[in-house]
Amino acid sequence: ELAVAASHATVVHPAGSPVYVVVGHLFTLLPWGDAAYRLNLMSAVFATLTFLVTGAIIHHLAEPTPTTARRTGAVLGALAVAFSPVFWSQALIAEVYTLHMFLFALFCLLLLIWRGLPERAWQRSALVCLMGLVLGLGLGNHVTFGVVIPSSLGFLVLMRWGGARFPLRHALFLLPGLVGMGVGAYLLLPLWAQQTPWASPWDPTDFSRLWDHVSGGPFKGLLLSAPAWSIPRMLAVGSMVLRQYGWLGFLVAIVGSWETARTDKPVLAFGGLTAALTVLFAVMYPVYDSEVYLLPFYWLLGVAFGVGATMAAVEIQQFVATRLSFPGRPQSKVQLASALTALLLFTVPAGSYLGNRGQLDVSQDTAAYSYARTTLAALPPHSLLLSGSPIETLALWYLQHEVNWRTDVLVLDTFWLHLNTYQRNLARVHPDLAPPAGTANYLQHIIENSRSTRPIYGTESSLDKVTSSRVQLDGALYRVLPQ
């Protein structure tokens with residue numbers, strides 16, 4: 001879905017992710033690979049940038065510890081994030097989440113740099129403008145980026161409480177980035193919806209439909225459908241955290257969190273609010289891939305692991321230097337202890353890499369492409385194919401609209417057929433076949449209207465919707481016949 005949308009500038013599922021589509025469109029202009037490869041590459045690029053920004057943040061937070069210990073912690077923390085299974089899985093596929101995490105990490109880094117500048121330095125105003133731009137881009141990519149707003153307020157309140165002073169007018173510089181790049185990007189959706197040459201299930205063509213799409217569309221009923229105190233889902237979060245970093249990584253992250261709580265209350269407030277709100281949202285929004293909403297929480301734990309690794313290296317150096325006496329060259333013993341500590345902590349990202357590489361490697365997985373090609377090749381010219389699953393439909397659409405193959409076949413998704421948005425687009429694109437939106441027995445009307453002009457077939461997943469017609473197995477598909 002995202003590869004086709006980025007290539008053709010069309011609307012994707014709610015909330016729309018217009019910033020991803022625009023940035024993805026730039027990647028589709030690369031001269032090698034197909035659209036899916038280029039979008040997968042985009043995810044890998046932003047995962048790499050997230051890795052670099054994460055290391056810079058850990059290095060910044062670990063001041064004023066020795067440089068070598070800070071560099072060690074920064075590398076270990078960034079590697080732990082990079083090879084944590086959920087983040088790594090998103091770095092290999094066309095999805096919005098590595099761009100989401102890059103913008104999130106960049107916002108955090110800019111906030112830390114802004115705090116360290118002199119009170120009335122002009123760079124502070126410039127950085128606030130830049131943070132507003134990043135905030136707008138983040139919201140335009142995924143609406144959950146809004147979690148940084150209350151977290152940043154907590155950060156600023158504790159800075160004030162600690163005696164820091166900063167002109168409040170700086171906050172006004174947030175507006176151009178937020179409005180122009182965030183809300184403004186969503187205004188592209190009506191234009192894209194009107195120009196989509198095939199019948200999409202999404203139709204944000206006026207303000208009310210745009211708001212419905214941005215606020216979740218047909219998925220908004222799932223929000224809050226699981227209680228915040230859902231014990232099984234909370235326990236699942238705990239087990240998933242251990243899957244990211246293991247017990248050693250988790251314990252070192254606790255050390256880093258404790259050190260941050262002791263020395264840096266604003267950062268603690270930002271991280272604590274972000275973690276709490278992220279976990280709460282993931283628990284209360286029980287969609288099948290809700291674990292990806294925990295990525296900011298996992299990332300914060302990776303940063304805490306890096307800070308904890310820095311503290312561990314420093315403490316062990318001091319212990320060896322002051323408590324243990326060695327004959328000969330004591331400095332070499334301190335260096336040896338530091339190297340052994342780093343090697344021990346390196347087992348966290350190394351273990352994750354070795355343990356998850358085989359499971360996450362999907363470079364040879366061509367199942368969706370093969371399914372779509374086999375299915376479309378089996379159909380007579382100008383067929384109507386009834387699909388019963390968006391997973392099937394999107395694979396078929398990729399070959400039709402991106403590879404430009406078998407465009408004579410009309411693929412109709414019966415799973416989406418109850419949506420008024422899909423029915424309106426069908427009537428717009430295929431007025432000769434589709435009745436007006438809201439018509440009773442909608443699918444049967446399409447079948448009857450198509451019978452004289454198109455051979456009609458269905459996938460196995462669509463059979464439960466084809467109840468008013470007779471079906472006959474024809475290879476891997478089913479021919480839809482009159483009663």
Side-chain angles (χ1 to χ4, degrees), residues 15-20 23 46-47 49-50 53-54 56-58 60-61 81 87 90 96-117 124-160 164 166 168 170-186 214-215 223 257 260 264-285 292-304:
S17 301
V19 167
Y20 178 90
V23 177
F46 282 109
L49 292 174
T50 305
V53 175
T54 301
I57 288 172
I58 296 170
H60 187 96
L61 289 175
V81 169
F87 180 83
Q90 299 304 301
V96 302
Y97 294 106
T98 56
L99 176 57
H100 177 65
M101 289 311 304
F102 166 67
L103 293 171
F104 180 82
L106 181 60
F107 183 90
C108 295
L109 179 61
L110 294 174
L111 188 63
L112 292 173
I113 295 173
W114 171 84
R115 180 179 64 170
L117 292 174
R124 269 200 163 188
S125 296
L127 276 177
V128 171
C129 288
L130 189 54
M131 281 189 285
L133 178 63
V134 173
L135 175 60
L137 289 171
L139 287 170
N141 179 64
H142 203 281
V143 292
T144 58
F145 198 89
V147 71
V148 303
I149 297 174
S151 300
S152 298
L153 290 175
F155 182 92
L156 295 175
V157 166
L158 285 187
M159 276 187 66
R160 261 307 175 174
F166 42 87
L168 292 177
H170 285 173
L172 297 177
F173 287 106
L174 286 169
L175 294 178
L178 175 61
V179 176
M181 300 303 299
V183 178
Y186 284 102
V214 173
S215 61
L223 186 60
S257 300
T260 302
D264 200 332
K265 298 296 191 297
V267 169
L268 176 68
F270 183 95
L273 282 170
T274 300
L277 292 172
T278 299
V279 171
L280 189 65
F281 181 82
V283 168
M284 300 176 70
Y285 189 49
V292 292
Y293 298 127
L294 292 170
L295 274 170
F297 174 49
Y298 293 157
W299 179 84
L300 288 167
L301 286 174
V303 171

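At least one donor-acceptor pair closer than 3.5 Å links the side chain of Y186 to the backbone N or O of L139.
Across G302 and V81, no two heavy atoms sit closer than the pair CA-CG2, 3.6 Å. Shown here for M101 and T50, the closest heavy-atom pair between the two residues is C-OG1, 3.8 Å. Across V143 and V214, no two heavy atoms sit closer than the pair CG1-O, 4.3 Å. Here the closest heavy-atom approach between residue G140 and residue P18 is recorded as O-CD, 2.9 Å.
Note: F281 and Y285 have tilted aromatic rings, judged against thresholds of 30 and 60 degrees for the angle between ring planes. Using cut-offs of 30° and 60° for the angle between ring planes, the F46 and F102 rings count as tilted.
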Distance-only donor-acceptor hits, side chain of residues 269-279, under 3.5 Å, sequence neighbours excluded:
{"unit_1": "T274", "atom_1": "OG1", "unit_2": "S151", "atom_2": "OG", "d": "2.7"}
{"unit_1": "T274", "atom_1": "OG1", "unit_2": "F270", "atom_2": "O", "d": "2.8"}
{"unit_1": "T278", "atom_1": "OG1", "unit_2": "T274", "atom_2": "O", "d": "2.6"}

Enumerate donor-acceptor pairs with a distance under 3.5 Å from any side-chain N or O in residues 293-300 to protein atoms, sequence neighbours excluded.
{"unit_1": "Y298", "atom_1": "OH", "unit_2": "E291", "atom_2": "OE2", "d": "3.1"}
{"unit_1": "W299", "atom_1": "NE1", "unit_2": "T54", "atom_2": "OG1", "d": "2.8"}

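Going from atom CZ of F87 over to atom OH of Y97 covers 13.5 Å, rounded to the nearest 0.5 Å. Here the straight-line distance linking atom CG of L268 with atom OG of S257 works out to 8.0 Å at 0.5 Å rounding. Considering CG of D264 and CE of M159, their distance stands at 10.0 Å, rounded to 0.5 Å. Here the CG atom belonging to L49 is positioned 10.0 Å from the CG atom belonging to L103, to the nearest 0.5 angstrom.
Not counting sequence neighbours, the partners of L110 by the side chain to side chain contact (heavy atoms under 4.5 Å, CB included) test are L106, L127, L130, M131, V134. In terms of the side-chain hydrogen bond (donor to acceptor under 3.5 Å, both in side chains) criterion, residue partners of T144 (sequence neighbours excluded) are, by chain and number, H142. Contacts of Y20 classified as ring-ring contact (aromatic ring centres under 6.0 Å, His included), with partners at least two apart in sequence or in another chain: none. Scanning for ring-ring contact (aromatic ring centres under 6.0 Å, His included) contacts around F155 gives an empty result, with sequence neighbours left out.
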Can L112 and V267 be said to form a side-chain contact (heavy atoms from CB on, under 4.5 Å), step by step? CA-CA 9 Å; L112 292 173; V267 169; 3.8 Å; yes

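Screening residues 131-152 for salt bridge (Lys or Arg N to Asp or Glu O under 4.0 Å) gives no qualifying pairs among residues at least two apart or on separate chains. Pairs engaging residues 129-141 under the side-chain hydrogen bond (donor to acceptor under 3.5 Å, both in side chains) rule: none recorded [sequence neighbours left out]. Residue pairs meeting the salt bridge (Lys or Arg N to Asp or Glu O under 4.0 Å) criterion with at least one member in residues 130-151: none, sequence neighbours excluded.
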